[in-house]
Visitor: 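Below is the structure I would like to discuss, written out as structure tokens.
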Amino acid sequence: MTTHAPQAAQAVTLPTTLDEAVAALAAVPAAVPVAGGTDLMAAVNSGQLRPAALVGLGRISEIRGWQYQDGHALLGAGLTHARMGRPDFAALIPALAAAARAAGPPQIRNAGTLGGNIASAAPTGDALPVLAALEATLIIAGPDGARREVPVSHLLAGMEMLRAGELIGYVRVPLLHAPQVFLKATGRTGPGRAMASVALVLDPARRGVRCAVGAIAPMPLRPLEAEEWVARLIDWDNGRAIVPEALHAFGEYVAAACIPDAAPAEDGSVPQLPPAVLHLRRTVAALARRALGRALS
């Protein structure tokens, strides 16, 4: 609720198909798409946004479910966090289900959507490090029925952006059929808001480990060298065994890669990181260590 009444949008369109929504956006370039509205209404209530028109996506049933496709799960962008948190979805993509259950209070989970989490690209978005670790791909819907695929990491890094009249229609996620873990540490910035988060997935077919760290930078960070290093230490043929020392070292490796030491001063000395940054680095190390330990247990 707000103590002031935001300016009403001039028009609201409620399409029932993805192509109708794209056409509505093309017809009114100033229109803003809205699904759950958890981020949009916060911007409206704070006075940061006054949309001239809205295109509601809540009636597009084709993007509110998922299907199997060539060893992948094709997730509709309209899937809510609450729906992704259910047991049947958790059996499919455990880490994404865990992130959805941690997304905030029930009213946020019931309204917020996967596509909205990606499009808003807030650093604290819980689904983002999971999608980065899974190396998910977005299917973008454009005018005249056009579809194109973009790695989710490219969109989050600003390497490829949504063009005028485009919408995120689906998210393609590989089904690894292996342990996946999502962990996060919350601070005092709001209920459920991540101070740091870690998503970790195993890829037994490639004998690989994928890890992504969220909330500490504008986009999820992938410590690729740490992934490759620890994957070589796992005994993939003997119950995925690993020595305890490697778990600890992996956490430190990930934390140092994502929160590096300060650059040396002119005299060659290395300045000490501020206490808050050191605390964050220790938090990331602990999350990464625990995530790998749980995945291998």
Side-chain angles (χ1 to χ4, degrees), residues 66-75 84 88-100 102 114 117-118 125-139 149-157 159 170-184 196-214 219-258 284-285 287-297:
W66 71 82
Q67 57 185 293
Y68 301 100
Q69 187 181 79
D70 301 326
H72 292 71
L74 193 63
L75 312 178
M84 291 188 291
D88 57 341
F89 190 92
L92 188 71
I93 312 174
L96 193 54
L114 177 61
N117 210 217
I118 299 168
D126 291 320
L128 304 186
V130 178
L131 296 175
L134 289 169
E135 297 182 347
T137 301
L138 306 177
I139 298 179
E149 295 194 22
V150 176
V152 67
S153 57
H154 286 198
L155 182 71
L156 297 177
M159 297 169 61
Y170 303 92
V171 183
R172 191 195 306 277
V173 178
L175 296 176
L176 301 177
H177 303 294
Q180 305 174 7
V181 178
F182 171 80
L183 299 174
K184 78 174 184 178
S197 61
V198 168
L200 187 139
V201 301
L202 301 183
D203 189 349
R206 299 181 180 179
R207 300 195 170 201
V209 175
R210 301 184 202 161
C211 177
V213 179
M219 61 169 289
L221 303 178
R222 285 280 303 275
L224 298 178
E225 291 184 359
E227 293 176 1
E228 296 172 0
W229 173 81
V230 79
R232 293 194 296 267
L233 300 179
I234 297 173
D235 189 347
W236 296 96
D237 298 318
N238 186 27
R240 300 170 189 157
I242 191 172
V243 297
E245 292 80 7
L247 285 177
H248 178 81
F250 174 71
E252 298 299 323
Y253 202 160
V254 170
C258 296
V284 170
L287 291 176
R289 180 177 67 249
R290 292 170 188 169
L292 181 59
R294 292 186 185 183
L296 294 175
S297 62

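All values below come from the heavy atoms of this structure, side chains included, with hydrogens, waters and symmetry mates left out.
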Visitor: Do Met159 and Pro151 come close enough that some side-chain heavy atom pair is under 4.5 Å?
Guide: no

Visitor: Using residues 126-133 as the side-chain source, report each donor-acceptor pair under 3.5 Å to any protein atom, sequence neighbours left out, with the distance given to one decimal.
Guide:
unit_1: Asp126; atom_1: OD1; unit_2: Lys184; atom_2: NZ; d: 3.4
unit_1: Asp126; atom_1: OD2; unit_2: Lys184; atom_2: NZ; d: 2.9

Visitor: Give every residue pair that meets the ring-ring contact (aromatic ring centres under 6.0 Å, His included) criterion with at least one member in residues 224-248, sequence neighbours excluded.
Guide: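 Every ring-ring contact (aromatic ring centres under 6.0 Å, His included) pair that includes a residue of residues 224-248, provided the two are not neighbours, is Trp229-Tyr253.
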
Visitor: Kindly compute the distance separating CG (Leu247) from CG (Leu233), expressed to the nearest 0.5 Å.
Guide: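 Taking CG in Leu247 and CG in Leu233, the distance rounds to 10.0 Å.
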
Visitor: Do Leu114 and Trp66 have side-chain heavy atoms sitting under 4.5 Å apart?
Guide: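 Contact flag for Leu114/Trp66 side chains = no.
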
Visitor: Looking only at non-hydrogen atoms, find the nearest pair between Ala255 and Val284 and report the distance.
Guide: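 Closest heavy-atom pair between Ala255 and Val284: CA-CG1, 3.9 Å.
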
Visitor: Which residue pairs pass the side-chain hydrogen bond (donor to acceptor under 3.5 Å, both in side chains) test when at least one of the two sits in residues 196-212, sequence neighbours left out?
Guide: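 Applying side-chain hydrogen bond (donor to acceptor under 3.5 Å, both in side chains) to every pair that reaches into residues 196-212, excluding sequence neighbours, yields Asp203-Arg210, Arg207-Asp237.
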
Visitor: Which atom pair, heavy atoms only, marks the closest approach of Ala102 to Phe182?
Guide: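 Taking Ala102 first and Phe182 second, the nearest heavy atoms are CB-CE2, 4.2 Å.
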
Visitor: Within the distance-only criterion (no hydrogens, no angle test), does the side chain of Gln180 pair as donor or acceptor with the backbone N or O of Val201 below 3.5 angstrom?
Guide: no

Visitor: Please identify each residue that fulfils side chain to side chain contact (heavy atoms under 4.5 Å, CB included) with Gln69, with sequence neighbours left out.
Guide: Leu74, Arg172

Visitor: Who pairs with Ala73 by side chain to side chain contact (heavy atoms under 4.5 Å, CB included), at least two apart in sequence or on another chain?
Guide: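 Checked Ala73 against side chain to side chain contact (heavy atoms under 4.5 Å, CB included); matches are Leu75, Leu92, Ile93, Leu175.
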
Visitor: Search all heavy atoms of Ala285 against all heavy atoms of Glu252 and return the closest pair with its distance.
Guide: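 So the minimum-distance heavy-atom pair works out to CB-OE2, 3.8 Å.
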
Visitor: Any side-chain hydrogen bond (donor to acceptor under 3.5 Å, both in side chains) pairs touching residues 288-297, not counting sequence neighbours?
Guide: none

Visitor: Compare all side-chain heavy atoms of Arg222 with those of Ser153 and state whether any distance is below 4.5 angstrom.
Guide: no

